[in-house]
Structure formats: C-alpha cells, structure tokens
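Atoms considered below: every heavy atom in the structure, side chains included; atoms not considered: hydrogens, waters and symmetry mates. What you see is a predicted model; the values in this text were computed from it and never measured.
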Amino acid sequence: MRGVLMLAAAALAATVSGCVASGSFQCSTDTQCGAQGQCSAPGYCSFPDPVCSQTGRRFGEHAGQGLGGQCVVGDGGLTDGGPMTDGPTSDGPVTDGGPMTDGPMTDGPTTDGAMTDAAMADAGTPTCISELAVGGYHVCVRKGGAVECWGSDDNGQLGDGRTVRSSTPRPVSGLADAVELSLGNIHSCARTQTGSVLCWGSNSGRQLGSSDPSDHTTPLAIAGLTNAKAIAAGAYFNCAIDGSDAVQCWGYNDSEQLGTSGPIESATLIHPSNAPAASAIDAGRNFACALSLSPAGQVWCWGRNAEGQLGDGSTTPRSGAVQASIANVAELATGFNHTCVRKNDGTVWCWGDNGAGQLGRGSPSFSGTPLQVTQISGASALWSGWDSTCARLDTGVTTCWGNDSYGKLGDGSPTYNQTSPTPTRYTDVVEMGFGDTQGCALTSSGVRCTGIDYFGSLGVGVLTGSATPVAAVLTDVAQVSAGHFHTCAVLGSGAPRCWGYNLSGQIGDDSGAELRPAPVAVSGLATVTEIIGGDRATCARRAGGASCWGENGAHQLGNDETPPMSHGSPVALATLTTVDELDLNIAHGCARVGGAVHCWGENMQGEVGDGTTTPRPAPVPTSVTTGAISVSTGRQFTCVATTTGVTCWGINDTGNLGDGTDLPRSTPVQVQIFGGGALTGVLELASGWEHTCARTAAAVYCWGNGYSGQLGDGGGTPRFSARVVPGLMALQIAAHAHNTCALKMDRTVVCWGDNFFGQIGDGSHIQRSTPTPVSGLGNVGQITVGAVHACARRLDSTLACWGNNENGELGTSPTLLRIDPLPAQVSCP
C-alpha cells in the first residue's frame with residue numbers, strides 16, 4: 001500500500017525530469033539533471049553519493065554505455081565501485097510497503113514507495129535516511145543498510161528482540177544491508193543487497209515464511225527466495241519479484257491474495273496464476289497488483305475484489321491475475337481496498353473503494369474501472385496507504401486525498417474525508433506513508449508525522465496511553481463514567497464535563513470537533529445527578545428526567561425522533577420524568593424508575609424487552625415492573641437484578657443471558673449458577689459487550705463470552721451460566737467491551753480481560769483471565785471501564801485513568817493529536 005516506482009524510466013524521472021526519460025537520454029547541461037544533478041562525461045546525469053570516493057558522484061541508473069549505477073571518475077571512465085551499494089539494484093524495481101489490516105482495528109495499513117538513493121538525494125533528503133515505511137501502528141526508516149523502527153511492538157514488529165512499544169527509533173537486530181522495506185499491519189519485511197528477504201513480527205498468517213505460527217521479534221529469512229528484486233507486504237501476506245522476474249507470494253490466503261484458491265495459510269512460495277513477469281509489485285489489504293515487464297505499463301491484479309480494487313470492471317475475487325483496464329503506467333500504489341497509478345504522461349488514475357474519497361473524484365462512489373483524478377497533472381510520484389492517496393507534482397507541491405482523520409494527510413485540518421486533492425503542509429516530500437491514525441513523510445529535514453501518536457507511532461518520544469494510572473487534569477470529581485472512546489464526569493457542583501472522541505457529538509458541547517482531549521462543559525446542562533457514557537452516545541440523569549446526546553442512528557437517544565438524527569448537545573429522553581438509574585450500550589439504553597425498567601433503541605434481538613423486535617424511539621415498559629435493583633445493558637441484550645434474582649433478555653449466542661442455553665429471548669429468563677440454582681442476592685450488575693458480572697455481598701459472578709478472560713475465572717471460553725470469580729469480594733464492579741474491574745474492600749482496584757491497550761492497568765499489555773491489581777492505585781471511591789480504557793475516582797475527588805489515549809480519553813491533556821507536521825523526529829546528525 002505504498003507507491004511503487006518502476007526501476008525502468010520512472011525511478012529517476014520522479015525527480016530528474018530533464019535528464020532521464022525512456023532510453024538513455026544524453027544531457028548537455030547540469031540544469032537538465034534537476035536539483036543536485038550534474039551532467040557528467042560522457043553526457044549522462046550523476047548525483048551525489050559519498051560512497052564514490054573519487055568524485056562523490058554516481059551516474060543515474062539509466063545512463064548509457066554501461067555507466068548506469070556506476071561511480072563517476074575524474075576522466076569519465078569507470079572505477080571498480082560497482083553497482084550501487086545502497087538502494088535497489090539496477091535489475092530490480094522498487095516496490096512499496098504493505099497495507100493495513102482489519103482492526104480495532106480494527107483492518108491495517110501499508111508503507112509507501114521506496115525510491116532510489118540517487119532520486120532521494122535529488123529531492124534534498126538527508127543522505128543518512130534512504131527510505132521511509134509506514135505500517136498499521138509502526139514506522140521504519142532505512143539508514144543506508146541499517147533499519148530503525150518505532151511504534152507498536154506487541155508482535156515484535158520493531159525487530160529488536162523485544163515486544164516493547166517505543167516512541168523513539170530502535171535498530172532492527174542483525175540487519176545491516178537492507179535496500180528496501182515494506183510493512184504490513186503487524187509485521188515488517190526487508191530486502192537485502194544480496195536479494196534475500198527477511199521478515200519479522202506477527203506470523204499469524206504464516207507471512208514470515210515459517211510453518212510455526214509464533215511471532216518472531218528478529219528478522220527471519222524467507223526460504224526459497226533468492227535474488228529478489230522487489231517486495232510488497234500486505235495485511236497478513238507478502239509478495240516479491242524473484243531473480244527471474246516471477247512473482248512469488250506467501251502467507252494468509254483468505255481472499256485469494258496469494259493468487260491461488262483458498263482459504264489457506266502458506267509458509268512456502270506460491271506463484272500467482274497468470275501473473276506476468278513483473279517490473280514492480282504492490283500489495284493492499286488482501287489483494288496485490290504488479291506491473292508487467294513486457295509489454296511495459298500493464299497492470300495485473302489478483303485477490304479480493306469486492307470494492308473493484310482489481311480494476312477489471314468486476315467485483316469478483318480472482319485466484320489468478322487479471323489485467324486492469326489501463327496502460328502506459330509508470331508507477332503503482334495500492335491502498336487498503338483501492339489502487340492508484342501514475343501514467344507516463346503524469347496523470348493519476350484510481351479505482352476500487354472510495355468510502356473515504358481515496359479515488360479523488362469528489363464523491364464516495366466506488367469504481368471497478370480506472371478513473372482519472374482530474375485535478376492532478378504533472379505528477380512525478382505517487383503513494384497510497386490505508387484509504388488515503390498522495391501525489392507529488394512537478395511543481396514540488398504534494399497533494400493528498402482520502403481519509404484525513406486526525407489530520408494524518410498533513411494538510412493542517414482534521415477533516416474526516418478529503419474527497420478531492422488537497423495540498424499538504426509538507427515541503428520537499430520524497431516519500432509518504434499512512435497507518436491507521438498517522439501519516440508520515442520523508443522530507444529534506446527528515447521524517448515528519450501527523451495524526452494521533454498511537455503506540456508511539458509519531459515518534460514524539462512519549463507513548464500515547466498508559467498501562468498504569470495517570471492523573472487526569474480534572475479535579476473535584478463526584479462521579480465518572482467511561483464511554484467507548486470518551487469519558488464524562490460530574491463535578492462536585494453537579495456540572496457535567498466530557499472529553500475524548502466526539503465524531504458523533506457524544507461530548508455534548510455542540511462543537512463538531514472530532515476530538516476533545518481536555519474536559520469541556522456539556523451544552524445546556526448546568527447540573528446533573530449522574531452521567532453515563534455509551535458507545536457514541538451519552539446520557540445524564542437530571543431533575544425532571546434525563547437527557548442524551550451523540551449518535552442516534554438506532555434511536556439510542558430515546559428522544560422519540562423519527563427519522564433519528566444525531567445530536568451534538570443534549571435532547572430530552574422522552575416520556576420519563578423520573579429516572580433512578582440509567583445504562584447505555586452501543587445501540588440501546590434502559591432506565592430504572594423505582595422498581596420498573598423501561599428501555600429504548602435498537603431491538604433486533606429483543607434487547608428492549610417488550611416481547612418484540614421492533615425498534616423503539618422512546619422508552620417502553622419491559623416485563624420487569626416491580627422489584628428492580630440494578631439494570632445493565634450489553635450489546636443487544638439486557639440484564640436486571642431484582643429482589644428475587646437476575647433476569648436477562650436479547651441475544652444469547654455466547655451465554656449472554658446466563659440461563660444455561662444459547663437461545664435468544666425477547667422476554668426475561670432467569671440467570672442460573674453453574675452447578676444448579678438461580679443467582680440471587682445481587683446488589684449490582686455490570687455488562688460488557690457480550691458478558692455480565694454480578695456483585696453480591698459475599699462474591700462476584702460472571703457469565704457470557706470469556707474469550708478475552710473477561711469472566712475472571714481463569715478460563716478463556718464462554719460460560720452459559722454464572723460462575724464465581726474466585727476469592728473476590730467487592731464494593732463495586734464495572735465492565736465494558738471485553739474487560740471487567742472491581743473495587744475491593746480495601747479500596748484498591750483489580751481488573752481482568754483484554755489488555756491490548758494497557759486497560760488492565762498493571763503496566764503490561766498481557767491479557768489477564770483472573771483479577772489483577774491496578775498498579776499504585778488506592779483510596780478509590782468509584783471505578784468505570786470504557787472499551788479500551790478505565791478510570792478511578794479517589795476519595796479525595798481526584799481522577800486517575802489508564803489504557804488507550806488515542807482520542808484523549810484519559811483526560812491528561814494536552815493532547816497528542818498533531819494536525820500540523822511535526823518537526824523532524826528522525827533526522828541526520
């Protein structure tokens with residue numbers, strides 16, 4: 001998913017348009033060779049290279065008379081300097097890096113195109129940095145033959161023998177002769193000067209070329225691949241061009257991206273059916289494309305095609321290469337599910353997915369055939385990654401389009417999508433690459449990045465998020481609630497404050513800002529009794545009822561609005577003038593009024609509890625009319641603790657309802673204890689997406705999905721009836737997504753479940769299936785759990801939070817969102 005330069009005429013033409021064209025054009029003046037270019041005897045362009053000891057210059061790779069890639073000598077003859085020692089060799093193309101995959105990711109990104117060292121020197125790049133490559137949440141640079149990486153390292157993708165995230169560059173172990181990099185979502189690959197290919201990081205799809213699925217934290221050679229001329233990393237697979245110009249692929253093959261029928265996982269090389277001899281290659285999420293060697297300029301693609309990314313006019317996946325309907329292509333760049341090319345005439349054409357405007361057409365419609373980006377002419381380089389695309393023009397301006405979340409296009413604006421080309425604020429761009437939440441550029445000053453510093457991927461020297469509690473700036477906190485990617489609190493005065501992700505208006509300040517990293521007031525609500533964060537919505541209890549704000553596509557605001565519309569400021573919850581308890585999950589909410597429960601919102605699985613599957617835009621009574629003590633909403637299910645036990649209804653495929661079955665229910669069923677008997681004496685309930693925990697005076701019980709360890713019983717499978725969490729008595733419990741926390745009797749906190757973002761708070765990123773103490777946290781009065789973070793209110797009314805801080809949800813302010821290009825984080829001494 002990055003730009004790929006053909007090592008034929010296109011490689012140096014990207015920056016040296018006067019001297020290098022098809023064939024061996026002979027120059028007569030230095031100006032024909034571009035910046036830093038020089039017309040050297042016997043009439044070919046040369047460029048600075050300190051390796052050439054006699055003159056410090058090397059001929060461009062397309063110089064005639066056998067001079068291509070050779071050092072310039074005083075009399076214009078040859079030295080024994082040989083081919084270029086740093087950068088792709090003259091017989092191979094330069095590719096670019098792999099894409100992003102699915103992700104809490106959700107699905108992950110790629111890197112951008114490698115350029116020859118001479119081309120980069122011409123663009124004014126620091127001579128010590130030869131290449132930039134961007135993965136899902138990590139970044140690598142090549143300094144000569146050495147490689148340094150930073151960012152996410154949970155699978156060893158930084159390659160230094162550890163799995164420790166880093167916000168500063170760390171050298172890849174044992175790699176000193178790399179000439180090309182390509183990054184997938186959670187793995188990395190390099191091609192060496194001898195033509196071998198080494199990969200490291202995740203091997204879940206056998207993308208490291210090993211039949212053992214274990215991760216590798218240092219480079220591992222790909223068996224059977226020699227004299228490689230180019231590499232391209234996809235999400236969980238890779239492709240390369242071997243010494244005979246044949247394409248070879250290996251790794252995961254769920255969408256036929258290896259060019260053969262699947263699904264399979266192959267640690268051995270597979271030649272995609274029908275793939276021609278290739279001059280360049282690039283890989284998207286789960287598809288790949290190559291430029292044919294002869295006839296030159298044709299594009300052949302294979303793999304996933306649901307968004308038309310193969311360019312053959314269909315949406316049919318292809319287990320063999322098919323030709324895209326375009327010719328005269330000089331450069332190829334694949335994104336997550338789209339493809340763009342630069343033609344010999346400097347025009348840019350794109351096809352495939354267009355949900356973020358990555359085709360540059362000003363509309364979101366996808367296309368299975370190439371469409372010209374009409375605002376672009378005179379393009380000299382091209383890069384794509386995830387769902388963004390950029391082109392450098394002959395004028396030196398770099399312009400980008402597509403997903404601009406967090407300002408990752410570097411245009412100074414965190415506009416969600418730029419559907420037409422928009423100039424960036426970078427200058428002297430040599431390469432660009434995009435991850436999920438960050439974009440980076442290699443410029444004359446070094447590597448500069450914009451976006452969110454997810455896992456340290458911006459390289460600013462400070463890790464976003466914290467695996468141990470950190471102090472939030474807000475004090476005088478009376479109550480706190482964590483939503484999916486946002487947090488809200490009630491101050492001692494009753495004033496509500498919210499911060500974090502705000503794309504759907506869930507912060508409630510009616511600003512339209514995508515992020516609010518510091519606490520802001522909720523519009524129109526001076527005082528509230530309690531605030532509850534949902535997925536992309538928030539509700540608060542107040543005098544005279546309740547109010548909600550944020551996403552409303554499934555009627556989760558309960559304001560009796562048809563058709564439903566999202567609201568960036570509070571709207572009244574309909575029909576209820578007294579509310580004693582509120583809970584809100586992804587698409588529905590419930591309220592306890594005395595001993596009765598009322599629910600509203602999406603009702604596809606009967607989660608509203610009125611015996612139907614009809615969506616409810618306003619609260620409706622459930623069959624629980626008396627005796628309710630606590631109500632808790634999961635994803636498409638609801639549970640209520642009553643004076644006689646616990647009843648649940650809705651979806652039940654992973655034991656969500658705890659009745660010993662996996663049958664969905666639109667009316668209440670009673671939760672059973674494993675071994676027999678109903679669960680009774682419950683004082684409090686807390687539900688995540690697919691599990692629920694209950695607190696009694698003497699114990700904590702959990703049931704439902706346990707794959708992330710969120711049930712706390714040491715297991716990792718679903719439980720269809722309630723099981724006790726061994727040895728735990730609690731004052732309070734809290735749950736969300738795949739996590740649970742408990743406030744113990746001694747006022748310390750324990751958590752268990754998913755820990756990818758450090759949301760357990762024990763200083764690690766290791767999943768925990770039993771209650772694990774949160775580091776250094778005591779004197780706690782209340783806890784809350786979000787999807788990927790958690791917070792605790794101490795008895796002195798101060799607030800501590802831990803876990804993910806991508807959206808500023810920890811409230812530590814200032815934010816690590818950078819919408820303007822950062823000063824060079826990786827530069828030469």
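With sequence neighbours excluded, the residues satisfying side chain to side chain contact (heavy atoms under 4.5 Å, CB included) with A441 are Y426, M432, T443. The side chain to side chain donor-acceptor pair (under 3.5 Å) search around T424 returns none, not counting sequence neighbours. T226 is linked by a side chain to side chain donor-acceptor pair (under 3.5 Å) to nothing, counting only residues two or more places apart in sequence or in another chain. T268 pairs by the side chain to side chain donor-acceptor pair (under 3.5 Å) definition with S266, not counting sequence neighbours. With sequence neighbours excluded, the residues satisfying side chain to side chain contact (heavy atoms under 4.5 Å, CB included) with L293 are D245, A277, S279. S244 is linked by a side chain to side chain donor-acceptor pair (under 3.5 Å) to D242, counting only residues two or more places apart in sequence or in another chain. Evaluation of the side chain to side chain contact (heavy atoms under 4.5 Å, CB included) rule for T347 yields K343, D345, W349, Q372 as partners, not counting sequence neighbours. Qualifying side chain to side chain contact (heavy atoms under 4.5 Å, CB included) partners for E265, counting only residues two or more places apart in sequence or in other chains: R206, Y252.
For residues 318-329, every residue pair satisfying the salt bridge (charged side-chain N to carboxylate O under 4.0 Å, His left out) rule, not counting sequence neighbours, is listed here: D312-R318.
In terms of modelled atom types and a separation under 3.5 Å, the side chain of R392 and the main chain of V429 share a donor-acceptor contact. Looking at T369, its side chain never comes within 3.5 Å of a backbone N or O of S367 through a donor-acceptor pair. With hydrogens and angles ignored, the 3.5 Å screen pairs no side-chain donor or acceptor of N227 with any backbone N or O of G243. Remark: the backbone N or O of P423 is not paired with any side-chain donor or acceptor of D411 at under 3.5 angstrom. Side-chain atoms of N253 come within 3.5 Å of backbone atoms of S261 as a donor-acceptor pair (strictly under, hydrogens ignored). Within the 3.5 Å criterion, the main-chain N or O of A275 finds no donor-acceptor partner in the side chain of W302. Of the possible polar contacts, none joining the S294 side chain to the A296 backbone as a donor-acceptor pair under 3.5 Å is found. Formation of a donor-acceptor pair under 3.5 Å by the D404 side chain with backbone atoms of N417 is not found in this model. Judged by distance alone, with hydrogens and angles left aside, the side-chain atoms of T450 form a donor-acceptor pair with the main-chain N or O of G407 at under 3.5 Å. Formation of a donor-acceptor pair under 3.5 Å by the W300 side chain with backbone atoms of V322 is not found in this model.
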Q.
Applying side chain to side chain contact (heavy atoms under 4.5 Å, CB included) to Q248 and C239, what does each step give before you reach the verdict?
A. CA-CA 5 Å; Q248 305 290 347; C239 291; over 6 Å; no
**Q.** Check against salt bridge (Lys or Arg N to Asp or Glu O under 4.0 Å), E148 and K143
**A.** CA-CA 8 Å; E148 296 181 359; K143 294 184 173 182; 3.6 Å; yes
Q.
Please evaluate residues F434 and V134 with respect to the criterion side chain to side chain contact (heavy atoms under 4.5 Å, CB included), reporting the C-alpha separation (whole Å), side-chain torsions for both, the decisive distance (0.1 Å), and the verdict.
A. CA-CA 6 Å; F434 301 98; V134 182; 5.6 Å; no
Q.
Under the criterion side-chain hydrogen bond (donor to acceptor under 3.5 Å, both in side chains), I'd like the reasoning laid out for T260 against H271: C-alpha separation, chi angles, the key distance, then a yes or no.
A. CA-CA 8 Å; T260 189; H271 173 64; over 6 Å; no
Q.
I'd like to know whether I222 forms a side chain to side chain contact (heavy atoms under 4.5 Å, CB included) with S196, so could you lay out the CA-CA distance, the side-chain angles of the two residues, the decisive distance to 0.1 Å, and finally the verdict.
A. CA-CA 7 Å; I222 305 301; S196 62; over 6 Å; no
(Q) Let's go through N328 and Q298 carefully: what are the C-alpha distance in whole Å and the side-chain angles of both, what is the deciding distance for side chain to side chain contact (heavy atoms under 4.5 Å, CB included) to 0.1 Å, and is it a yes or a no? (A) CA-CA 7 Å; N328 301 316; Q298 291 183 352; over 6 Å; no
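Across all non-hydrogen atoms, the minimal contact from L258 to G251 is CD1-O, 3.4 Å. Among all heavy-atom pairs drawn from P219 and G159, the shortest one is CD-O, 4.0 Å. In this structure, Y137 and Q438 approach most closely via the heavy-atom pair CA-NE2, 4.0 Å. Scanning all heavy atoms of the two residues, the minimum distance from T315 to A306 falls at CG2-O, 3.6 Å. The nearest pair of heavy atoms linking A190 to A178 is CB-CB, 4.3 Å. Shortest non-hydrogen contact noted between A379 and A391 is CB-CB, 4.4 Å.
Looking at heavy atoms from C-beta onward, V373 lies in side-chain contact with P421 at the 4.5 angstrom threshold. The shortest side-chain heavy-atom distance between N238 and C199 falls under the 4.5 Å cut-off. In this structure, I281 and L332 have side chains that are not in contact, with every pair of non-hydrogen atoms separated by 4.5 Å or more. In this structure, T192 and V179 have side chains that are not in contact, with every pair of non-hydrogen atoms separated by 4.5 Å or more. Side-chain contact between L382 and T389 is present, with at least one heavy-atom pair separated by less than 4.5 Å. Between S388 and L409 the shortest side-chain heavy-atom distance falls below 4.5 Å. You'll find the side chain of L181 reaches within 4.5 Å of the side chain of C140, heavy atoms only. Side-chain contact between V329 and L291 is present, with heavy atoms from C-beta onward closer than 4.5 Å.
L310 contributes atom CG, which lies 11.5 Å from atom OG of S325 (distance to the nearest 0.5 angstrom). Atoms CG and CD, on D282 and E331 in that order, are 9.5 Å from each other to the nearest 0.5 Å. Rounding to the nearest 0.5 Å gives a distance of 6.0 Å between CG of L442 and CG of L132. To the nearest 0.5 Å, atoms OG (S202) and CG (L208) are separated by 7.0 Å. Interatomic distance, CD1 of I270 versus CH2 of W250, reported as 11.5 Å (0.5 Å rounding). Interatomic distance, N305 CG to Q257 CD, rounded to the nearest 0.5 Å: 12.5 Å.
Counting only N and O atoms by type, the side chains of H138 and S188 include a donor and acceptor under 3.5 Å apart. Counting only N and O atoms by type, the side chains of H187 and S204 include no donor and acceptor under 3.5 Å apart.
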Identify each donor-acceptor pair in which a side-chain atom of residues 350-357 lies under 3.5 Å from a protein atom, sequence neighbours left out, and give them as a table.
unit_1 : atom_1 : unit_2 : atom_2 : d
W351   : NE1    : Q309   : O      : 2.9
D353   : OD1    : G355   : N      : 3.2
N354   : OD1    : Q358   : N      : 3.2
N354   : OD1    : L359   : N      : 2.9
N354   : ND2    : S363   : O      : 2.4
N354   : ND2    : S365   : O      : 3.0

